[in-house]
Amino acid sequence: MNHSLIAFTGAACLVALTVGVLAESPSYSKTYEKYVQSDGTIMVPQDYRTKFTFIGTFSVAGGDQSGGQAQFHQVYLDPDSVEHYRRTREFPDGAILIKELQKTRATKMTTGHASFWDDDAGWFVMIKDTKDRFKDSGLWGDGWGWALFDASDRTKPTTKNYKAECIACHVPSRKTDWVHVWAYPSLEAKDRFKDFNP
Ligand code: HEC
């Protein structure tokens with residue numbers, strides 16, 4: 001192989017690789033538009049379990065606030081935003097956070113008494129919005145879109161007004177952009193627990 005052929009082959013490989021990488025991971029702002037209708041209605045991304053990055057869990061011993069079986073809250077973030085957060089310690093416009101509520105079962109296992117996934121119990125979704133896009137929607141404000149979904153329907157949020165239904169409970173984590181960032185190992189923000197103000 002002569003030199004120019006090697007150089008050409010090398011350049012072609014680089015282009016193919018770059019195109020491949022871009023096609024593989026659409027940027028967060030594009031992802032965002034797939035899950036938000038023009039009036040600001042939010043949907044749960046269907047493919048989040050395979051396409052998003054799982055970032056961490058809260059184990060809620062007594063189940064929901066009415067008691068019962070333990071619940072897991074499993075949190076996912078789109079992969080670009082994980083990278084962006086690690087670099088800048090901020091969520092980029094279009095970042096999508098999903099908190100999946102899981103009903104659990106428990107049984108005696110060789111590891112001890114262990115709980116595991118049994119059924120979906122709903123989803124909380126937050127989508128970062130640095131541009132204040134949906135001023136007329138009750139789901140958007142304070143830098144995010146906010147929505148809760150029943151397990152039966154991932155396309156229609158039950159939330160009407162985030163100010164009444166979400167924000168009061170997130171005030172303790174206001175200093176970290178309303179998100180409990182210190183709980184997620186891949187965000188490397190454990191030191192921000194000092195900013196949690198329950
Ligand atoms: C009863 C209080 C409460 C209400 C109401 C509430 N949240 Fe949360 N939320 C929390 C707490 C506490 C956590 C972290 C601990 C956990 O999940 O157990 C959390 C975590 C989350 C997460 C994971 C990201 C993070 O903050 O770490 C999302 C997404 C979320 N909430 C969205 C919402 C949305 C959207 C609403 C309104 C529809 C809402 N929440 C209403 C208390 C609340």
Side-chain angles (χ1 to χ4, degrees), residues 28 31-32 35-37 40-45 48-49 51-79 81-82 84-86 89-104 115 117 120-129 133-134 137-198:
Y28 40 80
T31 313
Y32 154 88
Y35 311 115
V36 182
Q37 290 165 25
T41 302
I42 293 168
M43 287 175 274
V44 182
Y48 75 89
R49 278 186 176 130
K51 298 286 190 312
F52 281 35
T53 305
F54 169 70
I55 58 169
T57 305
F58 290 89
S59 162
V60 185
D64 59 21
Q65 286 168 333
S66 56
Q69 281 282 13
Q71 264 201 3
F72 295 144
H73 298 170
Q74 310 269 44
V75 184
Y76 296 79
L77 178 61
D78 66 285
S81 300
V82 175
H84 192 278
Y85 191 92
R86 289 162 63 93
R89 297 208 134 194
E90 282 179 2
F91 293 100
D93 187 52
I96 306 180
L97 273 164
I98 299 167
K99 181 168 102 173
E100 165 192 274
L101 309 179
Q102 296 190 347
K103 288 184 193 155
T104 65
S115 300
W117 174 83
D120 297 335
W123 295 270
F124 285 96
V125 175
M126 286 168 73
I127 301 185
K128 185 71 191 166
D129 171 30
R133 291 175 174 88
F134 303 103
S137 165
L139 299 186
W140 294 81
D142 286 289
W144 293 90
W146 308 74
L148 169 63
F149 300 81
D150 280 344
S152 58
D153 192 350
R154 297 183 183 203
T155 61
K156 280 196 203 69
T158 61
T159 314
K160 300 278 176 268
N161 184 328
Y162 84 95
K163 284 195 176 152
E165 298 168 64
C166 309
I167 200 97
C169 265
H170 279 247
V171 165
S173 54
R174 178 181 222 146
K175 282 193 179 157
T176 45
D177 202 7
W178 311 102
V179 180
H180 305 81
V181 292
W182 34 265
Y184 308 122
S186 49
L187 298 188
E188 295 181 344
K190 194 176 169 186
D191 59 304
R192 299 301 304 269
F193 186 62
K194 67 177 181 334
D195 296 318
F196 185 56
N197 187 18

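Whatever order the structure lists them in is the order used to number ligands and atoms, beginning at 1. Along the sequence shown, the residues carry numbers beginning at 1.
Note: no N/O pair closer than 3.5 Å links Trp146 and ligand 1 by distance alone. Inclusion of Thr159 in the set of residues having an N or O under 3.5 Å from an N or O of ligand 1 is not warranted.
Contact check for Phe124 versus Leu148: side-chain heavy atoms found under the 4.5 Å cut-off. With a 4.5 Å cut-off on side-chain heavy atoms, Arg154 and Tyr48 count as touching.
In the vicinity of Val125, heavy-atom distances shorter than 4.0 Å reach the ligand 1 atoms 35 (C). Annotation for ligand 1: atoms under 4.0 Å from non-hydrogen atoms of Cys169 are 1 (C), 2 (C), 3 (C), 4 (C), 5 (C), 6 (C), 7 (N), 42 (C), 43 (C). For ligand 1, the atoms sitting less than 4.0 Å from at least one non-hydrogen atom of Leu148 are 38 (C), numbered in the order shown with element in parentheses.
Counting heavy atoms under 4.0 Å from ligand 1, residue His73 touches it through the side chain alone. With a heavy-atom cut-off of 4.0 Å, Trp178 touches ligand 1 through its backbone alone. At a heavy-atom cutoff of 4.0 Å, ligand 1 is contacted by no atom of Ile98, backbone or side chain.
Proximity of Tyr184 to ligand 1 is established by a heavy-atom distance of less than 4.0 Å. Taking 4.0 Å as the cut-off, Ile167 does not count as a neighbour of ligand 1 on heavy-atom distance.
Heavy-atom contacts from other residues, nucleotides or ligands closer than 6.0 Å to CD of Gln37 number more than 12.
Remark: among candidates Gln74, Met126, Glu165, the nearest residue to atom 5 (C) of ligand 1 is Glu165, based on non-hydrogen atoms. Distances from atom 37 (C) of ligand 1 to the heavy atoms of Gly56, Gly122, Cys166 show the closest one on Cys166. The option with the heavy atom closest to atom 35 (C) of ligand 1, from among Ala168, Gly145, Ala147, Ser59, is Ala147.
At a threshold of 4.0 Å, the pair Glu188-Arg86 counts as salt-bridged, since one of the basic side-chain nitrogens sits closer than that to a carboxylate oxygen. A salt bridge is absent between Asp177 and Arg192: the closest approach of a Lys/Arg side-chain nitrogen to an acidic carboxylate oxygen does not fall below 4.0 angstrom.
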I would like to know whether His73 and Val60 meet side chain to side chain contact (heavy atoms under 4.5 Å, CB included); could you show each step before the answer?
CA-CA 8 Å; His73 298 170; Val60 185; 3.4 Å; yes
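Trp144 has its ring centre less than 6.0 Å from the ring centre of Phe91.
For the side-chain contact (heavy atoms from CB on, under 4.5 Å) with Tyr35, the qualifying choice from Ile96, Val44, Thr155 is Ile96, the only one to do so.
A distance of 4.5 Å separates CD1 of Ile127 from CH2 of Trp140, quoted to the nearest 0.5 Å.
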